[in-house]
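The structure under discussion appears below in the form of structure tokens.
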Amino acid sequence: AKAKGRACYAIFDPVVAQEIISASRLENDLKGAIEKEELTLYYQPIFDLETQMIQGVEALVRWQHPQNGLISPQFFIPIAEETGYILAIDNWVLETACHQMKQWLTLGSNCQFSKVSINISSYQCLQKNLTQKIRKILSTTGLNPSNITLEITETALIQDPDSAIVILNQLKDLGIILSLDDFGTGYSSLSYLHYFPVDTLKIDRSFISNLSKNKEGLEIVKTIINLGRNLNMDIVAEGIETDEQLKLLKQLNCQYGQGYLFSKPLAVDDMNQLINS
Ligand code: C2E
Ligand code: CA
Ligand code: CA
Ligand code: CA
């Protein structure tokens with residue numbers, strides 16, 4: 001009788017029940033999202049902090065759900081990772097972002113930038129055929145490897161470092177640019193850093209938001225920038241929201257940055273306007 005009572009409680013807890021229903025419904029809906037053309041890419045410009053020129057754009061996926069409206073990747077990427085559907089999403093993003101970059105390049109002189117950054121999941125990062133997949137996209141789009149930056153998190157690399165290193169080295173040999181995303185938020189960042197052939201460090205937004213709060217916040221960002229520079233890496237600060245943060249980052253000689261202070265992620269039409277303005 002006791003067990004039955006507990007089961008009833010679990011089923012009829014309205015909050016839990018609602019979460020279970022909506023998560024499994026979304027999980028189900030997500031499987032058809034690519035075919036129904038419900039996924040779209042937004043692009044957030046990455047700026048050279050000194051020249052104020054756009055240096056590249058980061059592709060960020062959104063899901064236009066027919067009932068629930070625009071759903072953030074923070075919400076559906078974890079669901080996609082659990083179901084394995086993430087690979088299909090990553091492949092779609094890779095192809096769509098590369099074709100878009102090709103379009104921008106053929107606009108000619110109006111387009112200041114020639115790099116698109118693409119987020120890849122740990123699944124994608126461990127695919128033995130990833131390099132082959134990218135070779136194929138390069139040949140269909142006519143892009144150069146140096147037009148593509150792949151953003152990978154430490155957490156993804158740490159899951160199976162030995163396999164990740166083999167794949168990253170193949171990508172690197174091909175000429176793809178590799179960027180370590182959310183740097184400083186995973187664990188064992190420092191002990192692993194020199195094993196991975198990464199070209200760029202992206203300083204996580206949490207560090208940037210503490211930058212102007214206190215001395216410690218400033219010292220941490222200064223240390224990350226110096227570390228990256230000593231390892232010959234480019235540095236991108238993410239989530240720059242205030243003039244004060246920008247001023248401090250320039251003083252610390254941080255080269256690149258992105259954030260709401262410059263621009264939110266933009267739909268293609270809005271990005272085209274920015275390019276032509
Ligand atoms: P991320 O790669 O760290 O992307 C940066 C996130 O910060 C984006 O959120 C962006 O919109 C947001 N952001 C940019 N500037 C600012 C700022 O100044 N202030 C604040 N508060 N936020 C800012 P978004 O687009 O919701 O993406 C969230 C995460 O979802 C991404 O974090 C990434 O981990 C994942 N994601 C997004 N697109 C893809 C994708 O195509 N594939 C995969 N595998 N993951 C993706
Ligand atoms: Ca990213
Ligand atoms: Ca990031
Ligand atoms: Ca993040």
Side-chain angles (χ1 to χ4, degrees), residues 30 33-34 38-47 49 54 56-64 69-101 115-127 130 133 148-157 159 177-186 189 198-212 224 228 234-246 249 256-268 270-271:
L30 192 54
I34 294 177
E38 291 170 359
L39 296 186
T40 61
L41 288 183
Y42 276 48
Y43 295 88
Q44 188 178 37
I46 300 170
F47 286 84
L49 298 184
I54 299 177
V57 289
E58 177 177 4
L60 294 158
V61 70
R62 273 97 183 89
W63 178 20
Q64 184 68 58
L70 207 61
I71 304 182
S72 151
Q74 258 154 329
F75 196 69
F76 71 84
I77 294 287
I79 298 176
E81 282 176 336
E82 264 169 46
T83 59
Y85 192 63
I86 186 68
L87 248 187
I89 295 181
D90 277 349
N91 289 340
W92 179 86
V93 170
L94 200 56
E95 288 201 10
T96 309
C98 288
H99 278 96
Q100 184 57 58
M101 187 64 237
K115 284 188 171 64
V116 64
S117 292
I118 297 165
N119 293 286
I120 63 168
S121 65
S122 53
Y123 290 79
Q124 182 75 300
C125 179
L126 291 172
Q127 292 298 302
L130 179 58
K133 232 185 254 180
I148 302 173
T149 299
L150 295 182
E151 298 196 0
I152 306 154
T153 61
E154 297 163 81
T155 322
L157 297 180
Q159 284 180 20
I177 299 165
L178 301 174
S179 182
L180 202 50
D181 204 357
D182 300 345
F183 182 72
T185 61
S189 337
V198 289
D199 309 278
T200 306
L201 280 191
K202 292 192 84 170
I203 309 176
D204 191 67
R205 188 172 83 221
S206 56
F207 297 110
I208 305 306
S209 69
N210 285 329
L211 185 58
S212 50
I224 297 176
D234 283 337
I235 316 284
V236 180
E238 50 177 40
I240 306 174
E241 294 182 348
T242 69
D243 286 317
E244 178 70 9
Q245 290 164 355
L246 174 60
L249 285 165
Y256 304 109
Q258 65 188 125
Y260 295 167
L261 179 67
F262 303 108
S263 169
K264 293 204 165 186
L266 301 171
V268 170
D270 295 323
M271 191 64 213

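Counting starts at 1 for both ligands and their atoms, following the listed order. Predicted model only: the values in this text are computed from it and were never measured.
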| said: Show, in sequence, the C-alpha distance, side-chain angles and deciding distance for Thr155 and Asp182, and conclude whether the side-chain contact (heavy atoms from CB on, under 4.5 Å) test is met. | reply: CA-CA 9 Å; Thr155 322; Asp182 300 345; over 6 Å; no

Could you tell me whether [X] and ligand 1 have an N or O pair separated by under 3.5 Å?
| X | answer |
| --- | --- |
| Glu151 | no |
| Val61 | yes |
| Asp90 | yes |

Heavy atom under 4.0 Å from ligand 1: found in [X]'s side chain, backbone, both, or neither?
| X | value |
| --- | --- |
| Lys264 | neither |
| Val93 | side chain |
| Glu238 | side chain |
| Ile89 | neither |
| Ile118 | neither |
| Lys202 | neither |

List ligand 1 atoms under 4.0 Å from [X], heavy atoms only on the residue side.
| X | answer |
| --- | --- |
| Gly239 | 16 (C), 17 (C), 18 (O) |
| Asp182 | 3 (O) |
| Pro265 | 11 (O) |
| Glu58 | 2 (O), 4 (O) |
| Gly259 | 15 (N), 18 (O) |
| Ser121 | 44 (N) |
| Gln44 | 14 (C), 15 (N) |

Can you tell me how far apart [atom1] ([X]) and [atom2] ([Y]) are? Round to the nearest 0.5 Å.
| X | Y | atom1 | atom2 | answer |
| --- | --- | --- | --- | --- |
| Leu178 | Ser117 | CG | OG | 11.0 Å |
| Ile208 | Lys202 | CD1 | NZ | 11.0 Å |
| Leu41 | Trp92 | CG | CH2 | 4.0 Å |
| Gln124 | Lys133 | CD | NZ | 3.5 Å |
| Lys264 | Asp270 | NZ | CG | 12.5 Å |
| Ser263 | Ile240 | OG | CD1 | 12.0 Å |

| query | Could you walk me through whether Leu94 and Leu150 pass the side-chain contact (heavy atoms from CB on, under 4.5 Å) check? | reply | CA-CA 9 Å; Leu94 200 56; Leu150 295 182; 4.1 Å; yes

| Presence of N, O or S from Glu238 under 3.0 Å of the Ca ion (ligand 3) | yes

| field | Side-chain touch Asp234/Asp199, heavy atoms, less than 4.5 angstrom | value | no

| request: Show your reasoning for whether side-chain contact (heavy atoms from CB on, under 4.5 Å) applies to Phe262 and Leu49. | output: CA-CA 10 Å; Phe262 303 108; Leu49 298 184; 3.6 Å; yes

| note | The OD2(Asp181)-the Ca ion (ligand 2)-OD1(Asn119) angle, to 10°, is 90°

| task | Name the option, out of Ala156, Pro73, Ala97, that contains the heavy atom nearest to atom 24 (P) of ligand 1. | result |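 Of the listed residues, Pro73 has the closest heavy atom.
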
| 4.0 Å heavy-atom contact, Arg62 with ligand 1 |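 Checking ligand 1 against Arg62, which is what was asked, there is a heavy-atom contact under 4.0 Å.
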
| said: Atom CD of residue position Gln64 - does it have more than 12 heavy atoms of other residues, nucleotides or ligands inside 6.0 Å? | reply: yes

| message | I'd like the atom name of the N/O/S atom in Glu151 lying closest to the Ca ion (ligand 2). | response |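 Distance check against the Ca ion (ligand 2) picks out OE1 in Glu151.
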
| query | Hey, which N, O or S atom on Glu58 ends up closest to the Ca ion (ligand 2)? | reply | OE2

| request: Examine distances only and state if a side-chain atom of Thr96 and a backbone atom of Val93 form a donor-acceptor pair shorter than 3.5 Å. | output: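 Looks like no, no N/O pair under 3.5 Å.
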
| message | Run Ser121 and Asp90 through side chain to side chain donor-acceptor pair (under 3.5 Å) and show every step you take. | response | CA-CA 7 Å; Ser121 65; Asp90 277 349; 2.5 Å; yes

| message | From the N, O or S atoms in Asp182, identify the one nearest to the Ca ion (ligand 3). | response |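 Of all N, O or S atoms in Asp182, the Ca ion (ligand 3) lies closest to OD1.
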
| Are Ile89 and Phe76 close enough, and set up right, to give a side-chain contact (heavy atoms from CB on, under 4.5 Å), and what steps lead you there? | CA-CA 11 Å; Ile89 295 181; Phe76 71 84; 4.2 Å; yes

